[in-house]
Colleague: 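Let me give you the structure first, and then I'll get to my questions.
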Amino acid sequence: QAQLVNSGGGLVQAGGSLRLTCAASGRTDSYYLMGWFRQAPGKEREFVAAIRESAGFLYYADSVKGRFTISRDGTKNTVYLQMNSLKPEDTAVYYCAAASRMFFRSAMEKGAYDYWGQGTQVTVSS
């Protein structure tokens, strides 16, 4: 059974940085797609960033472009999210997601993923 474990969240001041890690276990093959979503209180879960298995395809939400960087270690099925220049509006629970195969959905859609992590809290104070 595949399992995703998120880590690296916390409290940081505006302008600071955090690095989130998501380690996927229970699968020997690499995931087709891995990504991050976030959900703030009272809001829908929204896409943040994603990275494909091959060719280095990267996807970012407009709100985080130039500030966040997604990367992955394919051999370990681990994905990272480096978050710089954090803003109070980045405060949310961040979820890692992984796709075991292509679902013919946009990488920005929740339906493109079949596995989810438990979430990690990121709080940015002003």
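Scope of the values below: all heavy atoms of this structure, side chains included, with no hydrogens, waters or symmetry mates. Since the model is a prediction, treat every value here as computed from it, not as a measurement.
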Colleague: What side-chain donor-acceptor pairs closer than 3.5 Å can you find for residues 16-24, not counting sequence neighbours?
Modeller:
residue	atom	partner	partner atom	Å
S17	OG	N84	OD1	2.9

Colleague: Got R38 and V64 here, is their nearest side-chain heavy-atom distance under 4.5 Å?
Modeller: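 Sidechains of V64 and R38: in contact.
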
Colleague: Taking atom types as modelled, is there a side-chain donor on E89 or T91 under 3.5 Å from an acceptor on the other?
Modeller: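 The answer is no; no qualifying pair exists.
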
Colleague: Please list all pairs passing the salt bridge (charged side-chain N to carboxylate O under 4.0 Å, His left out) test where one or both residues lie in residues 1-16, with sequence neighbours left out.
Modeller: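 Residue pairs with at least one partner in residues 1-16: there are none.
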
Colleague: Partners of D62 by side-chain hydrogen bond (donor to acceptor under 3.5 Å, both in side chains), sequence neighbours excluded?
Modeller: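 By the side-chain hydrogen bond (donor to acceptor under 3.5 Å, both in side chains) rule, D62 matches K65.
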
Colleague: Any chance the side chains of S30 and E53 put a donor and an acceptor closer than 3.5 Å?
Modeller: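 Looking only at side-chain atoms, E53 and S30 do form a donor-acceptor pair, the distance falling under 3.5 Å.
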
Colleague: Please name the pair of heavy atoms, one in D114 and one in S100, separated by the smallest distance, quoted to 0.1 Å.
Modeller: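 Minimum heavy-atom separation between D114 and S100: OD2-OG, 2.5 Å.
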
Colleague: Assess R45 against Y95: is NZ or CZ under 6.0 Å from the centre of the six-membered ring, and within 45 degrees of the ring's axis?
Modeller: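 So R45 does make the cation-pi contact.
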
Colleague: Which pairs, with at least one residue in residues 92-106 and sequence neighbours excluded, count as a salt bridge (charged side-chain N to carboxylate O under 4.0 Å, His left out)?
Modeller: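 Listed once each, the pairs are R105-E109.
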
Colleague: Dump the intermediate steps for side chain to side chain contact (heavy atoms under 4.5 Å, CB included) on F68 and L81, then the final yes or no.
Modeller: CA-CA 7 Å; F68 291 12; L81 186 67; 4.2 Å; yes

Colleague: Write down the atom of G9, the atom of V122, and the distance for their closest heavy-atom approach.
Modeller: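 Taking G9 first and V122 second, the nearest heavy atoms are CA-CG2, 4.1 Å.
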
Colleague: Go through the structure and list residues passing ring-ring contact (aromatic ring centres under 6.0 Å, His included) with Y94, not counting sequence neighbours.
Modeller: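 With sequence neighbours excluded, Y94 shows a ring-ring contact (aromatic ring centres under 6.0 Å, His included) to no residue whatsoever.
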
Colleague: By side-chain hydrogen bond (donor to acceptor under 3.5 Å, both in side chains), which residues pair with Q118, not counting sequence neighbours?
Modeller: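 Expected list: none.
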
Colleague: Are the aromatic ring centres of F37 and Y113 under 6.0 angstrom apart?
Modeller: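 Yes; Y113 has its ring centre under 6.0 Å from that of F37.
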
Colleague: So do the side chains of Y59 and F47 get within less than 4.5 Å of each other, counting heavy atoms only?
Modeller: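 Of all side-chain heavy-atom pairs linking F47 with Y59, at least one is under 4.5 Å.
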
